[in-house]
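Treat the numbers as computed from the prediction; the structure is a model and nothing was measured.
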Amino acid sequence: GQPEPGTLHLPASPNWYCSRCSDINGKGVLGFGAKNTIYLLNVTASSPAVTGELTGHTERVSGFAFCPHDGQERICASTSDDKTVKIWDAGQKILLKEHNVHQSTISAVHWSPVQKLLLVTGDEKGIVVCYWFSSNDTQSFFPEPRTIFCLSCSPHEENYIAVGYKDGMIVVIDISKKGEVIHRLRGHDDEIHALAWCPQPREDEMSLIRSIDGSNGVTEAAEMGCYLASGSRDQTVRIWSTARGKGVMTLKLPFLKRRGAGVDPVVKERLWLTVHWPKGQPSQIVSSCFGGEIIMWDLMKSGKQKWSLLGSSSDGQNHSRIVFNMSSFRSGDRELLLSTSMDREIKCWDLASLECCWTLPTLGGFVYCLSFSPVGTGCLALGIGDSMIRVWNTLSIQNQYDIKTFWQGIKSKVTALAWHPIKEGTLAFGTDDGKVGINEVYSNKPPQISSTYHHRTVYSLSWGPPVPPMSFGGSGDKPSYSLYSCAGEGVIFQHDPWKLSGEASNIDKLIRDTNNIKHKIPPHTDLSWKPDGSVLAIGNEDGSIEVLKAPMLKLLCTVQQHHKIINSLRWHHEHSSQNELQYLLASGSSNAIVYVHDLKSVIETPSESPVLMTEPFRTLSGHTNKITSLAWSPHHDGRLVTVCYDGTAQVWDVLKEEPVCNYRGHSGRLLCVQWSTVHPDLVWTGGDDFTLHEWAVSKQEHVTPPKSKKRAEMEKKRGPQKKSKKKKVAPEKGRMKAEERELPLGEEIKGAAEEGQSENDKEEEERENTDGPSVTGNGPSFLLSSLKSKTLERLLWYFVYIIFFILDLSLKKRKPRSILPLSTSMDHRPKEELQQDCLTLAAVRYSHGSGAHIQLGLFTDRDALYRMFQEEGDHVEAGHYDSMVYLRLWKGDLIGAITLAAEKGELTDHLLSLAPMAGYQVWARTVEAYVKQLCHHEQFLKAASHLVSIHKLYEAINLLKSHQLYREAIALARARLQPEDPVLKNLYMSWAAVLEKDGHYATAAKCYLAADSNFDAAKVIAKKGDVISLRTAANLAQISGESELAHSLSLRCAKDLMLFQDWAAAQEVLRTQDSLLGHRLVFSVNEILTQRLADTDVVTWSVASSHTWSKSCEENFLSMVHRVWQSEFGVAATDLVQVKMLHQQLRTVENPPATTSVPLKQLLFHISLDVTLCALSQLLCDWPSVLEELLQALTRGYEAGHFTLMAEMYSTDERSLVISQSVEALVCYQLMYKKWWNYSAETSALTNNTISNGHRLTEKNHSEVEANCNGEAQSDVIFSEGFWKVLLSEPHANLQATQRAIAEIQRRVTSLIQQHNPCKDTNASPQALSTSQSETSEDQGGSLSGKSESLSTLTARVAEHHKALAAIPELVKKYPFPDVMECCIVLLHMEKHFSPFPPHIHSKATTLLCKYGTTELLCKSWKRLTQ
């Protein structure tokens, strides 16, 4: 069945070439050594399940065994190349004890089945160590000076141990007799790979005794003996009788015809013959065979073929390569056998049916990449460092490990994978050696390989729409998707999947042409196509991200957030409930921070020139090392998982900017991650611990990544990796970018030594070479082996010193070698022969005969001398070429001498100086030959100088350049070439690339400047990322005319200085760029705001430097900002053009929403940007924008959850609240009338009437306050509940009713006084009297109902109203508010003519009118407008 979510699925491969590196106990727990770790599995007949691991060894685990005693099944032991033996509790997964008695590599281990808790180990020097776990005692034996390969403790005699050696010898020793050798069993002539005792005691009880040795009698020795089986590299399994001390049966391996494999079965070097004697089957032995087959030997069976093949019923059951270890246990009524093999599979066999129950694939390299198929649901592809691709159908019901392996055409670590978006089974892969290919996983065809190779490791692959030149042509002439590959040299190729044999195109050319780029394009390190194919994101080595629009790859935006190499880019999926999330781009680099950018505005409304983005949408901080991969959840909105070199995987809620969970199950660095396409809670991760994990998000106990100290613990857990001394290995490159030369935290790249098993042939070859010295013979050999290594080393050096000293003395006494050795030797012949030479010479000289005798050439004529020279030359050509050259020179054969010296590589300065005597051509050829000779001896400067002497200036420069002597090459080129020569520029650019790669940024910048590549010079100086470098780079870019680059670098530098609170330096940097005036304003606001908050609990840090104008004072904040702007920066309302330009510039700056995790300094900077925009809008008198931007600034503290900041920024007194309510009501008041006038032409006659408080309802009076919104927006506002709640304020209605009542009484008092004194005012006009009388009569017929009130009554009522007025809060009375009754009447009127309002709003308006609108005038207006 399927395993529980959150379990380890694919472990590392068991170690090879170990006699016992895996074992199973009686409870069905299988343990095996893989690299430095022991993995534990629970085994049943149906499936395995990895339950944990034991870590602690610092080098390869060489042996593992469980204790066989009842009740002690959890106890197990492991041995390692670190020369330690460790005892573990497999249940609790803890270390119990350890010892390091061995001084050499341990090669064998076994628990005694009889003696309780006795562990026996053997090493390559021949030492056997017995360790009693209970008492912690050890005892060492040295039975034979040979290399031990295996050992096995007798299951019947507690003191007997069988030991197998490299040379084929087997001995049985008795540890109770100080390791005395009981038997020497000779018969094998090669390595003993395994030993197995018969599970049945005493040979007499075995019915095989008659069939084995033909004896019918039972001897006393047979009663005490026990059979022993051995497997050897000599291709035989032998059965030994320990009672007789001899072999009784030899089983020769059969030559089986391998199914579907082309491996020659007789290749002896590839054989490992292990044997296992199952407990319940004493007459049957299981052994491995040549090519991975396992055979069951029936010792009782007669005839030649005593064996049966396991898994013979169907193809694919057997291992495909040699088997190393086998062990068995009883599960219910079935005997199950477990086997490990070089094919990196663990198989479980039923020994009754001889059929395979299940196969567990394991991994032999780093898990570099994972990819789920977008078409085949649940189909997961794995790219592994063992040069194989594995495709796993994770949804298979019949076989939970339904994995298909692909190795053809790969031959290197698989570092990148990408499934075709729509074509099922098409899988692209990239490798460590730069190869790009396409595999059809549902066919048996070999992969197609692109003819265009990368020079370095392939980092990433992506399918995307074709771009020019491939996109040219009709729709049927080109594929719908191209394959894009990015590799370590920084190049992105576009491959045609229909024609991989054709040349791939470098997209940099298209990017240059489309965007008119003249400067050097930074090396690319990753790419990601947006799922809809409209936009391509490219990550670069300098940390920048370029967003380009297809198909012409027009640059839309550059994201300059990371300052280190980009390792991973991923777009959010498109099937989100929120459409805008598809524009989110997540990026991870080597600086441990993950940034998410919202590119919606950039993509939907692109500007004419590329936008520079420096602020992220979200920042995800927590990892402590480089980010290697990331993946969005396809099931959630804004859910991201990231993996890191800190050994953990982190799940984030991006929108909330919060961590969700942290997975820490790996024991190494993580390299890749994929979210399950089927299960929303499952994530898959792979790392350099050779394992693939599937884990559940909801089951993790940790929320955030560990602190950096966890890293040290993880390294301790993994153990230090010692470098191999056998051979030099290349550094590990997969998914680790070129920037690995500057690893964080001083980390070293683990080399291929970690993947020593990833290349099978090399592993076997190494095994052949590292089996250790074979100590044969006795006496001196034994003494030598017992000497300590340091003493032996000192003796050897002493003897070497003596020998060299003697040789040196002998060399000093030697005479110089003669140039004529033949002639000299002839003069040292016997006296008789020398005298005969004298006679011959005399005869020749006086008879004028021929001087044919060589030894007489010095004493006769020139011809004879030349013949002697020729003969001497034949002899000296054996090695003394200089002598032959001198002889030819003396003959006058200058050309011959030079030719000979050139051929033999013996040219000298002397010969070269003579060459011009033979002519210019000879001299030139001699110089060229001498140059080659000098280069062979690495004398490149001298060689270049000689090339210059024959006017081969360009060749001399290329010679120096090709050997990395750039400084000398440039010196030569500058001295001899024209300044505009392209060779000179090429030299500078090449040297700059090398210097940049090595981290010498300043010198690289000089080279770029000399090559007129000012842009690259500034970029390379900025690469270090510190403030000084950024400032220098910005100044350099400014001087050289790269204004846009100077702008971005200055701003980046100023932001870093702002984080250090060095305000003066930040303004100084920004002052150099006129285009940064707007940002100077933002920084000034930020400084003033920080100083204002310095006296509070918000700002707790110290300020490095500040300006005097920023000091806190009592002045209003915005007033202070405007004053500083005018005095320090010359920005004032008088220059509206400048203010408007600055406002537009700052509006384009990305200012993401605040979150709870944003740092306070960054939050204050974002607030400062909002306040700056608000202050600029105020200068422009753009009041709606003022309110909007001020509100944005004020709400950031709330969004970030920073309540202390909110308390300091917001005015919390009641006065401010009442003022804001008054302003809001007045705005709503004018909007109400505007709505009425727009929709009711019938009421135009009424707008000239006066309503209660004397307001004239004319558009002229209200046009001073206009709403900045269109008619539709006003319509929504006018009918909203909140709008009317503002106007229908009961406290203000109460105030206004009281004020109206007091005014009404005062008017009546005045009327009464005028009635009682009608004649006092003699000057009163008839019209005035008439009016007074009419008013009096009206009053009497009105509220007084014809009854006149006394002055005292009215005075009392006024007093009551004044008392009520005094009870109303002063703030309500102080600030103006629209007439509430007027608003109620208009509301009821509008409801009658337009759509109805909510019932509770209508009810509130009616209630207020009935309660406070009792005056006659209001009642008339109410009736007139609403009826």
> Do Tyr484 and Val436 have side chains that get closer than 4.5 Å, going by heavy atoms?
Replying inline: no
> Would you call Tyr1008 and Glu996 a side-chain contact if the rule is heavy atoms closer than 4.5 Å?
Replying inline: yes
>> Looking at Lys509 and Asp513, is there a salt bridge between them, counting it only when a charged N and a carboxylate O are closer than 4.0 Å?
In response: yes
>> Donor-acceptor check, side chain of Ser450 to backbone of Thr452, threshold 3.5 angstrom: yes or no?
In response: yes
> Which residues pass the side-chain hydrogen bond (donor to acceptor under 3.5 Å, both in side chains) test with Gln561, sequence neighbours left out?
Replying inline: His597
> Given the rule in the side-chain hydrogen bond (donor to acceptor under 3.5 Å, both in side chains) test, do Trp652 and Thr642 qualify, once you have shown the distances and angles that lead to the verdict?
Replying inline: CA-CA 8 Å; Trp652 308 89; Thr642 59; 3.0 Å; yes
> Got a donor-acceptor contact below 3.5 angstrom from the Asn506 side chain to the Phe493 backbone?
Replying inline: no
>> Below 30° counts as parallel, above 60° as perpendicular, anything between as tilted: where do the rings of Trp991 and Tyr966 land?
In response: parallel
>> Pair Val547, Val535 - check side chain to side chain contact (heavy atoms under 4.5 Å, CB included), show working.
In response: CA-CA 7 Å; Val547 181; Val535 176; 3.3 Å; yes
>> Once rounded to the nearest 0.5 Å, what's the spacing between atom CG of Leu417 and atom OG of Ser460?
In response: 11.5 Å
> Within 45° of the axis and under 6.0 Å from the centre of the six-membered ring of Tyr1001, does NZ or CZ of Lys1019 qualify?
Replying inline: no
>> Set out, in order, the CA-CA distance, both residues' side-chain angles and the distance that settles side chain to side chain contact (heavy atoms under 4.5 Å, CB included) for Leu599 and Ser601, then state yes or no.
In response: CA-CA 6 Å; Leu599 301 172; Ser601 60; over 6 Å; no
> Do Ile517 and His519 have side chains that get closer than 4.5 Å, going by heavy atoms?
Replying inline: yes
>> Check Asp532 with Lys530, please: is the shortest side-chain N to carboxylate O separation under 4.0 Å?
In response: yes
>> Ignoring hydrogens and geometry beyond distance, is a side-chain donor-acceptor pair present between His524 and Asp508 at under 3.5 Å?
In response: yes
>> Regarding Glu615 and Lys1055, does a basic nitrogen lie under 4.0 Å from an acidic carboxylate oxygen?
In response: yes
> Within the distance-only criterion (no hydrogens, no angle test), does the side chain of Asp1016 pair as donor or acceptor with the backbone N or O of Lys520 below 3.5 angstrom?
Replying inline: yes
> Just wondering, more than 12 heavy atoms not from Arg967 lying within 6.0 Å of its CZ?
Replying inline: no
> Who pairs with Asp1026 by side-chain contact (heavy atoms from CB on, under 4.5 Å), at least two apart in sequence or on another chain?
Replying inline: Lys1024, Ile1028, Ser1029
>> I'd like to know whether His573 forms a ring-ring contact (aromatic ring centres under 6.0 Å, His included) with Trp632, so could you lay out the CA-CA distance, the side-chain angles of the two residues, the decisive distance to 0.1 Å, and finally the verdict.
In response: CA-CA 7 Å; His573 56 82; Trp632 293 96; 7.6 Å; no
>> Taking side-chain contact (heavy atoms from CB on, under 4.5 Å) as the definition, give me every residue that meets it alongside Pro1153, ordered by chain and number, with sequence neighbours left out.
In response: Phe617, Arg618
>> Quick check against the 3.5 Å criterion: does Glu546 have a side-chain atom that pairs as donor or acceptor with the backbone of Thr558?
In response: no
> Are Leu553 and Leu536 side-chain neighbours, meaning at least one heavy-atom pair lies under 4.5 Å?
Replying inline: yes
> Where do Ser544 and Asn540 land on the side-chain hydrogen bond (donor to acceptor under 3.5 Å, both in side chains) test, with the steps shown first?
Replying inline: CA-CA 5 Å; Ser544 62; Asn540 298 320; 3.0 Å; yes
> Taking only residues two or more places apart in sequence or in another chain, which ones pass side-chain contact (heavy atoms from CB on, under 4.5 Å) with Ala1022?
Replying inline: Leu1030, Ala1033, Leu1049
> Okay, side chain of Asn515, backbone of Ile511: is any donor-acceptor separation there less than 3.5 Å?
Replying inline: yes
> Without hydrogens or angle criteria, can the side chains of His495 and Ser482 be said to hold a donor-acceptor pair below 3.5 Å?
Replying inline: no
>> For Ile593, give me all partners under side-chain contact (heavy atoms from CB on, under 4.5 Å), at least two apart in sequence or on another chain.
In response: Asn591, Tyr595, Thr619, Ser621
> Under 3.5 Å, side chain of Ser1048 to main-chain N/O of Leu1045, donor-acceptor pair present?
Replying inline: yes
>> Is it the case that over 12 heavy atoms from other parts of the model lie below 6.0 angstrom from the CD atom of Glu1044?
In response: no
> Is Glu580 atom CD crowded by more than 12 heavy atoms from other residues, nucleotides or ligands, each under 6.0 Å away?
Replying inline: yes
>> Please determine whether side chain to side chain contact (heavy atoms under 4.5 Å, CB included) holds for the pair Glu1042 and Ile1039, giving the CA-CA distance in whole Å, both sets of side-chain angles, and the decisive distance to 0.1 Å.
In response: CA-CA 8 Å; Glu1042 297 287 348; Ile1039 294 170; over 6 Å; no
>> Please check if the number of heavy atoms outside Lys1006 that lie under 6.0 Å from its NZ is greater than 12.
In response: no
>> Between Phe429 and Thr431, is the side chain to side chain contact (heavy atoms under 4.5 Å, CB included) condition met? List the steps.
In response: CA-CA 7 Å; Phe429 65 89; Thr431 67; 3.9 Å; yes
>> One thing to verify: whether Glu541 and Lys1023 come together as a salt bridge, which I'm taking to mean a side-chain N less than 4.0 angstrom from a carboxylate O.
In response: yes
> By salt bridge (Lys or Arg N to Asp or Glu O under 4.0 Å), which residues pair with Arg1147, not counting sequence neighbours?
Replying inline: Glu1189
